[in-house]
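Naming: A, B, ... by sequence-line order, numbering from 1 per chain.
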Amino acid sequence: MGGVRAPDPLLPITGRNGSVRRGKNGARHMKIASFNINGIKARGPALVRWLESAQPDLAVLQEIKSTDDTFPRALIEDLGYNLETHGQKGFNGVAIVSKLPLEDVTRGLPGDDSDPQARWIEATVSTEQGALRVVGLYLPNGNPVELEGDGTPVAGGKYAYKLAWMARMEARLRELLALEMPLAVMGDYNIIPQTEDAARPDAWRDDALFRLPSRKAYRRILNLGFTEAFRARTQGGGHYSFWDYQAGAFERNDGIRIDHILLNAYAADLLQDCRIDSDVRAGEKPSDHVPIWAELAL
DNA sequence: ATGGTTGGCATCCAA
């Protein structure tokens with residue numbers, strides 16, 4: 001009898017106010033989200049539909065596949081959102097949309113000035129209750145995996161680029177963590193963290209999204225002190241954020257969970273909820289990804 | 001084992 005029982009680390013956490021929602025008890029919460037839209041030119045209607053129904057206060061977008069000057073800004077701004085883009089022609093490209101002003105915007109992942117790929121954007125938003133630094137990222141896919149005979153990635157190959165990019169990411173995150181303020185790092189990580197994050201893990205075993213070196217690099221980043229918001233709220237398998245367009249993958253729920261929201265300790269203390277909007281995939285002309293969102297007491 | 005789908009841009013590459 002008696003003795004102190006350690007809390008079960010797998011129990012979903014609840015906010016300090018229990019399960020307070022937006023607007024209740026005078027608490028103002030911020031809804032932040034990430035959505036790989038797979039091309040703004042093709043996704044305008046679906047993106048607008050989701051922004052209008054989900055009403056995120058801030059969302060990071062990936063694969064806008066557009067330059068900054070060809071992005072259809074009015075789509076976003078007409079809904080009352082501010083917009084900052086970091087685009088390139090044809091591929092990649094990230095953006096932040098926000099109802100609050102976006103301050104101290106930076107573009108590009110530091111660490112390699114010769115890297116032309118647009119995959120990283122940062123901004124700060126402030127409420128009466130405090131400020132939040134936000135990173136929007138599109139982590140390299142890394143396929144095909146090309147290895148030397150000894151198993152090291154072929155220099156100049158896509159897999160080597162992925163691992164080098166993650167090392168640069170880790171270095172930048174160390175700098176951001178030193179700011180000692182709430183930080184949310186979210187986007188398309190192109191990483192399947194665990195076996196339960198794929199419907200058919202065996203099919204991904206040697207893929208750049210799941211092979212051990214990729215997951216180790218992701219663990220290294222998590223172990224800097226981040227909380228993975230979705231896993232802090234929901235355990236078990238069957239929750240995915242991406243389904244291939246081919247072979248009816250969505251209908252069979254043959255998906256993977258690769259879009260993530262990582263929170264530093266200051267932000268994790270504010271976490272109220274985190275969900276994946278899988279219904280979005282059932283809409284007209286959907287992206288192959290769906291949005292993930294978190295609610296913060298901020 | 002193969003082909004299956006989508007987006008952007010150019011007649012193929014990335015996913």
Side-chain angles (χ1 to χ4, degrees), chain A residues 34-50 60-73 75-76 85-95 109 115-120 136-146 153-154 156-166 186-193 197-211 214-215 217-218 240-260 276-292:
Chain A
S34 173
F35 190 7
N36 179 323
I37 60 172
N38 190 21
I40 185 60
K41 294 175 184 69
R43 211 64 60 219
L47 175 59
V48 167
R49 234 185 293 132
W50 171 70
V60 296
L61 308 178
Q62 302 87 40
E63 286 204 88
I64 63 173
K65 294 186 176 180
S66 151
T67 54
D68 293 337
D69 36 339
T70 55
F71 192 100
R73 305 186 59 92
L75 273 183
I76 306 296
T85 60
H86 178 44
Q88 72 179 88
K89 188 176 180 180
F91 305 102
N92 307 320
V94 290
L109 175 61
D115 184 354
Q117 301 194 32
R119 297 178 173 275
W120 186 275
L137 68 93
Y138 177 44
L139 205 149
N141 177 294
N143 286 304
V145 176
E146 296 175 289
V154 170
K158 293 195 170 179
Y159 193 64
Y161 176 69
K162 178 174 194 156
L163 292 184
W165 198 94
M166 291 182 80
M186 47 189 185
D188 177 357
Y189 278 71
N190 270 315
I191 293 283
I192 303 166
D197 298 315
R200 294 180 302 118
D202 287 345
W204 296 92
R205 200 62 65 180
D206 299 319
D207 192 280
L209 277 60
F210 192 54
R211 64 192 309 269
S214 306
R215 291 155 61 192
Y218 178 72
Y240 310 125
S241 65
F242 169 91
W243 301 261
D244 200 290
Y245 282 123
Q246 304 178 68
F250 178 66
E251 288 70 23
R252 297 183 289 112
N253 200 25
D254 179 9
I256 52 179
R257 198 173 66 87
I258 57 176
D259 297 270
H260 307 302
I276 297 172
D277 277 342
S278 43
D279 291 353
V280 168
R281 182 56 186 268
E284 188 104 351
K285 220 166 151 37
S287 170
D288 43 5
H289 295 248
V290 293
I292 176 175

Distance-only polar pair, side chains of A:D259 and A:S34, donor-acceptor under 3.5 Å: no
Between A:E251 and A:W243, does a side-chain contact (heavy atoms from CB on, under 4.5 Å) hold up when you go through it step by step? CA-CA 9 Å; A:E251 288 70 23; A:W243 301 261; over 6 Å; no
For the pair made of OH in A:Y138 and P in B:dA14, what is the distance, rounded to whole Å? 11 Å
Rounded to whole angstrom, note down the C1' distance from B:dA15 over to B:dC9. 15 Å
Mind calculating the distance between OH (A:Y161) and P (B:dA14) to the nearest angstrom? 13 Å
May I have the distance from A:R119 (atom CZ) to B:dA14 (atom C1'), rounded to whole angstrom? 10 Å
Any A:K158 side-chain N or O less than 4.0 Å from OP1/OP2 of B:dA14: yes
Nearest-angstrom distance, P atom, B:dT2 to B:dT6: 23 Å
Pairwise P distance for B:dG7 and B:dG3, with rounding to whole Å: 22 Å
Measuring to OP1 and OP2 of B:dA15, would you say a side-chain N or O of A:K65 lies under 4.0 angstrom away? no
Taking atom C1' of B:dC13 as reference, at what distance in whole Å does atom CG of A:N38 sit? 13 Å
Calculate the interatomic distance between A:D288 atom CG and B:dT6 atom P; express it in whole Å. 10 Å
Closest of B:dA15, B:dC9, B:dG7 to the A:R43 side chain is B:dG7
Residue pair A:S66/A:F242 against DNA chain B: nearer the 5' end by closest nucleotide is A:S66
Would you kindly give the CG-to-P distance between A:N141 and B:dC13, to the nearest whole Å? 16 Å
Whole angstrom value for the distance that separates C1' of B:dA10 from NZ of A:K41: 14 Å
Within the 4.0 Å heavy-atom criterion, would you say A:A42 contacts the bases, only the backbone, or no part of the nucleic acid? sugar-phosphate
Determine, stepwise, if the pair A:N38 / A:Y245 fulfils side-chain hydrogen bond (donor to acceptor under 3.5 Å, both in side chains). CA-CA 12 Å; A:N38 190 21; A:Y245 282 123; 3.3 Å; yes
Between A:K89 and A:Y245, the residue closer to the 5' end of DNA chain B by nearest nucleotide is A:Y245
Please tell me which of the listed nucleotides, B:dC9, B:dG4, B:dG7, lies nearest to the side chain of A:Q246? B:dG4
Quick one: A:H289 NE2 to B:dA15 P, roughly how many Å, whole number? 10 Å
Select base, sugar-phosphate, or nothing to describe what A:I64 touches, counting heavy atoms under 4.0 Å on all strands. nothing
Can you find a heavy atom in the side chain of A:W120 that is under 4.5 Å from one in the side chain of A:W165? yes
Parallel, tilted or perpendicular: rings of A:Y189 and A:Y218 (30°, 60°): perpendicular
When all nucleic acid strands are considered with a 4.0 Å heavy-atom cut-off, which category describes A:F250: base, sugar-phosphate, or nothing? nothing
